[in-house]
Visitor: 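Here's a structure for you.
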Amino acid sequence: MPERTSDKPSDMEIVQRVLNGDSEAFAEILVRYEGHVFTVVRKHIPRHRVKETAQEAFVRAYQSLHNFHREDRFKQWLSAIAVRTCYDYWRKQYRNKETPISRLSEKQAEWLNHAVSLESASDIEALGRRREARALLDYALARISAEDRMVVELIHLEGLSVREAADLLGWSVAKTKVRAFRSRKKLQKILTPIRRD
Amino acid sequence: MSRRFDWKILKTLLRSAYHEEEDIPISDHWRQQTMNRIRGLAPDRVRQGFAALFEPFVWRLVPVTLAMILALSIALSNFDLVSDSEVFRLFSYELEDAYAFLDAD
């Protein structure tokens, strides 16, 4: 996405105005990128905490504006801040042990057994019960660390490349690759015993 | 149950569940709240503190500092580091020896 559209000021111009003391100019950034930040945050955070986390991401962006460089693309820079805010949210939740360890209901376990027995992608469409899939996903993600959770979500669920995920998280490519491999193994391990029930 | 664990199928299912999220409306109240928090923060350059004001001068002083370090190193290498008391003690031993020699005569 180009930074400048018609007669609107570019992102860099707004950033410069904010850095020169015009904090009201940040409202333009807020309006321009709120949709994007909400899209990023709502993928990683429970629905009832999305607004609060998105707000935190914008506050962090404001506080880090002096680190934004001309050659960077603002949207990417803001995405990285949003993803790291989500990561910090989960770190805090895990540290405070506030993540509810849900149990799978009989119905959900049954759904999983049925799901893994499907032969093709067209059967998946026929299954159609996404609520159980979401419950299963929440169940598995609650049992891995915040680091693994972010890697699973970014690489295995969103389909980003290792490099893209590494850039967003601020990690090295090697670390992200190792995490991606280990987290997938952990996820498989968590889901396998349920499947055999 | 001896079913083949098909990670790809399960991943596809989990992916579709992951992407199926309802939109969250962004209200004016949320925007106002966010801007209020922004206004409540001090501008970033000021928040960096008093020391940041001197940052441009620090870099200008680097060549001067390096020149001073070099000059001091040369000066120190030319100085004799033996203290005055050591020199005095050396002379005092020689005087004692001389007096002892004279006394013996």
Side-chain angles (χ1 to χ4, degrees), chain A residues 18-24 26-27 30-31 34-35 38-39 41-43 47 50-51 54-56 58-59 62-67 111-113 115-121 123-125 127 130-138 140 152-153 156-159 184 187-188 191-192 195-197, chain B residues 1-70:
Chain A
V18 175
L19 288 174
N20 290 336
D22 179 13
S23 58
E24 290 303 315
F26 195 79
L30 192 67
V31 172
E34 60 187 15
F38 265 70
T39 306
V41 170
R42 79 163 189 235
K43 283 181 189 164
R47 193 182 160 82
V50 168
K51 286 185 179 180
Q55 191 178 86
E56 183 60 31
F58 274 110
V59 169
Y62 175 77
Q63 288 178 312
S64 315
L65 275 184
H66 63 276
N67 292 328
W111 178 89
L112 178 63
N113 277 330
V116 293
S117 67
L118 296 172
E119 294 297 326
S120 67
D123 292 340
I124 296 168
E125 291 301 318
L127 195 68
R130 299 267 165 81
R131 195 185 294 169
E132 278 78 8
R134 184 71 224 192
L136 181 71
L137 188 60
D138 291 339
V152 164
E153 289 182 349
H156 300 303
L157 299 174
E158 283 185 40
R184 200 189 74 175
L187 212 61
Q188 284 180 339
L191 294 173
T192 305
R195 187 182 56 83
R196 281 174 183 163
D197 280 344
Chain B
M1 218 176 266
S2 59
R3 282 179 191 141
R4 183 172 57 89
F5 184 87
D6 197 332
W7 168 249
K8 277 186 184 171
I9 295 253
L10 190 60
K11 200 165 106 171
T12 310
L13 284 166
L14 296 179
R15 255 189 188 183
S16 63
Y18 177 76
H19 287 288
E20 201 175 69
E21 285 287 338
E22 291 167 35
D23 274 344
I24 296 170
I26 306 168
S27 62
D28 283 340
H29 175 67
W30 178 85
R31 287 187 195 105
Q32 278 169 8
Q33 243 185 357
T34 310
M35 280 312 290
N36 284 344
R37 274 189 73 184
I38 298 289
R39 285 182 201 109
L41 297 166
D44 212 52
R45 282 187 180 174
V46 178
R47 282 193 327 105
Q48 284 175 11
F50 193 66
L53 294 171
F54 296 99
E55 201 178 315
F57 301 105
V58 169
W59 290 108
R60 280 183 202 172
L61 289 173
V62 164
V64 180
T65 313
L66 286 174
M68 281 177 69
I69 290 170
L70 194 68

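To find a chain, count down the sequence lines: A is the first, B the second, and so on, and within it residues start at 1.
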Visitor: Between F58(A) and chain B, which part of the residue has a heavy atom less than 4.5 Å away: side chain, backbone, both or neither?
Guide: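 For F58(A), heavy atoms of backbone and side chain both lie under 4.5 Å from chain B.
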Visitor: For a quick test of reading the model, state the closest non-hydrogen atom pair linking K51(A) to S27(B) and the distance between them.
Guide: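 Closest pair (atom of K51(A), atom of S27(B), distance): NZ-OG, 4.4 Å.
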Visitor: Rounded to the nearest 0.5 Å, how far does CD of E24(A) lie from CZ of R39(B)?
Guide: 4.0 Å
Visitor: Answer yes or no: is there a donor N or O on one side and an acceptor on the other, between the side chain of H19(B) and the main chain of L157(A), under 3.5 Å?
Guide: yes
Visitor: Is there a side-chain contact (heavy atoms from CB on, under 4.5 Å) between Y62(A) and T34(B) once you walk through the steps?
Guide: CA-CA 11 Å; Y62(A) 175 77; T34(B) 310; over 6 Å; no
Visitor: The test is side-chain contact (heavy atoms from CB on, under 4.5 Å); show your working for L191(A) and L14(B) and say whether it passes.
Guide: CA-CA 12 Å; L191(A) 294 173; L14(B) 296 179; 4.1 Å; yes
Visitor: Which distance, rounded to the nearest 0.5 Å, do you find between the CD1 of I38(B) and the CD of Q63(A)?
Guide: 7.5 Å
Visitor: Has Y18(B) got a side-chain atom pairing as donor or acceptor with E158(A)'s backbone, closer than 3.5 angstrom?
Guide: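 Not at all, since once roles are kept as given, no pair shorter than 3.5 Å links the two residues.
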Visitor: Measuring from atom CD of E34(A) to atom CD1 of I26(B), what distance do you get when rounded to the nearest 0.5 angstrom?
Guide: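 The CD atom of E34(A) sits 4.0 Å away from the CD1 atom of I26(B).
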Visitor: Non-hydrogen atoms of chain B under 4.5 Å away: do they reach the side chain of V50(A), the backbone, both or neither?
Guide: side chain
Visitor: Where does A54(A) contact chain B at under 4.5 Å (heavy atoms): side chain, backbone, both or neither?
Guide: both
Visitor: Is it the backbone or the side chain of R37(B) that comes under 4.5 Å from a heavy atom of chain A, or both, or neither?
Guide: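 It is the side chain, since no backbone atom gets that close.
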